[in-house]
Amino acid sequence: MAWHKKPKTNITKLRILRIFVQLIMFFLLNLGFFSIGATWLVLPINYPKSLYSSSEDAFFLLQRMLTDSIVPLIPLASFFIIGSVFGRLFCAWGCPFGLFQDLIGVLTSRIKKYEPTSETNNSLRQIGEFITGATIIVSTFIGISLSLQNASVVENAFGIFIDQPWAVLSPSVFLFTVIPLLFWWGGIENFFIWEKFVLIDLVFWIRLLIFIFAIILVIYIPKGWCRWFCPAGIIMGQIGKHSILGLGRNISKCTHCGLCEDVCPMGVKILSHKPEKIRSELCTNCLDCMAVCPENALELKFL
Amino acid sequence: MRSNAKAFIVLGLGIICLAIALSPEEVTRFMNMIIDFTKSAKAGIPSP
Ligand code: SF4
Ligand code: SF4
Ligand code: SF4
């Protein structure tokens, strides 16, 4: 049987292509480097405002608008339009924090990965749902309080959470904003002067701990952060499972070999979904399953 | 089929949000906010 070699080559090629596309996206999201700073691009990805970013992260913008007492129409439009048409496509092909997790996966590919059961996946995702819900409620509350009360009272009450509550704890903010600003601040000639490290406070260490936790998680569970904790992923999962674009499984070709489930980085139980369309909040349309299927039973389709 | 209907309802909602957001006052407010946001991100270590 020669077929079992082909899928392996297919999937390697696809994964290389995906990392390549993600790198191009990362470049496009950082056009600020060429002084193209503020754009209208609002994407449902995990890439908070950083030194050179030329786009907006829909979830962070949503928080910012809510705490500023503005109805977050643009971020909602981004979630609704992109999610209903493409599902979580940007998670696999355009999110910098997703790319970071993919790269950790590649670098630690020799370490044994664990695949949690569906029940564990579902239970842990509730933590992400809680983070998402709590962030939206707190942001709304801050926005309303600021418009009704003396700003300094509200600022004292919420402290560092006043602007974008989830930014304080998010590992992507730590990676893309806090770390670069810490080193780049003051120019390249001041890259490593100790004076600026006096700015490091307790919050920094808490952020660092969460960041290290995210890395360890991703080493053992592929895309662990995306599966359970990322608010943008949680929102997009809920919208994206009904998306127009999705994967279908041709039951007359499928032999139930299970290869597709084995390679799925998000742990989607493909065979337990209705064959017409895989309606999973976890599926990111990464296409690994399609590339590995020896029978070409999986296909990407609209509607 | 039902799921597709949900997709189109959400898509419609998204288009409505976008249409309202594209009104001139909203556009000005949004652009000011983004510019402000970009400046503050570049100003120094953000807190948060
Ligand atoms: S779920 Fe993952 S890939 Fe998707 S936006 Fe969040 S971090 Fe990025
Ligand atoms: S879809 Fe393809 S890879 Fe998945 S079980 Fe069926 S034949 Fe195997
Ligand atoms: S089901 Fe397929 S396309 Fe969806 S995340 Fe898993 S491997 Fe990727």
Side-chain angles (χ1 to χ4, degrees), chain A residues 32 37-40 42 48-54 56 61 64-65 68 70-85 87 160-170 173 177-178 181-182 185-186 196 199-201 203-204 207 239 241-244 246 276-277 279 303, chain B:
Chain A
T39 69
W40 263 91
V42 179
K49 205 74 196 161
S50 62
L51 266 188
Y52 298 119
S53 59
S54 48
E56 291 296 329
L61 185 62
R64 172 92 181 188
M65 293 180 91
D68 279 357
I70 302 172
V71 183
L73 291 168
I74 296 273
L76 286 178
S78 170
F79 280 128
F80 289 163
I81 296 176
I82 297 177
S84 61
V85 179
I160 53 172
F161 293 93
I162 190 88
D163 210 13
Q164 299 168 86
W166 177 236
V168 181
L169 304 173
S170 161
V173 172
T177 309
V178 176
L181 283 172
L182 195 58
W185 194 48
K196 53 187 182 181
L199 290 163
I200 290 178
D201 53 6
V203 181
F204 181 90
R207 285 171 146 165
I239 299 172
K241 69 178 173 185
H242 306 293
S243 65
I244 295 171
E276 309 89 70
K277 202 86 162 263
R279 305 256 179 225
L303 295 174
Chain B
M1 194 61 198
R2 266 186 61 216
S3 232
N4 281 338
K6 283 183 195 160
F8 283 109
I9 292 170
V10 178
L11 179 61
L13 276 175
I15 293 170
I16 293 171
C17 288
L18 192 63
I20 303 172
L22 287 177
S23 67
E25 315 88 75
E26 284 291 333
V27 170
T28 318
R29 188 155 67 162
F30 181 73
M31 280 319 281
N32 286 342
M33 202 183 78
I34 299 264
I35 291 163
D36 196 37
F37 199 8
T38 308
K39 274 188 202 150
S40 69
K42 284 185 179 170
I45 295 172
S47 55

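Numbers restart at 1 for each chain; the letters A, B, ... are given by sequence-line order, proteins then strands.
The shortest side-chain heavy-atom distance between A:Ile81 and B:Leu11 falls under the 4.5 Å cut-off.
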(request) Start with the C-alpha gap between B:Asn4 and A:Lys277, add the side-chain angles, then the distance that decides, and say whether side-chain contact (heavy atoms from CB on, under 4.5 Å) holds. (result) CA-CA 10 Å; B:Asn4 281 338; A:Lys277 202 86 162 263; 4.1 Å; yes
(request) Just do the side-chain contact (heavy atoms from CB on, under 4.5 Å) check on B:Phe8 and A:Ile244 with the steps written out, would you? (result) CA-CA 8 Å; B:Phe8 283 109; A:Ile244 295 171; 3.7 Å; yes
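Partner of A:Leu73 under the side chain to side chain contact (heavy atoms under 4.5 Å, CB included) criterion, out of B:Ile20, B:Leu18, B:Ile16: B:Ile20 alone.
Nearest heavy atoms, A:Ala77 versus B:Cys17: CB-CB, 3.9 Å.
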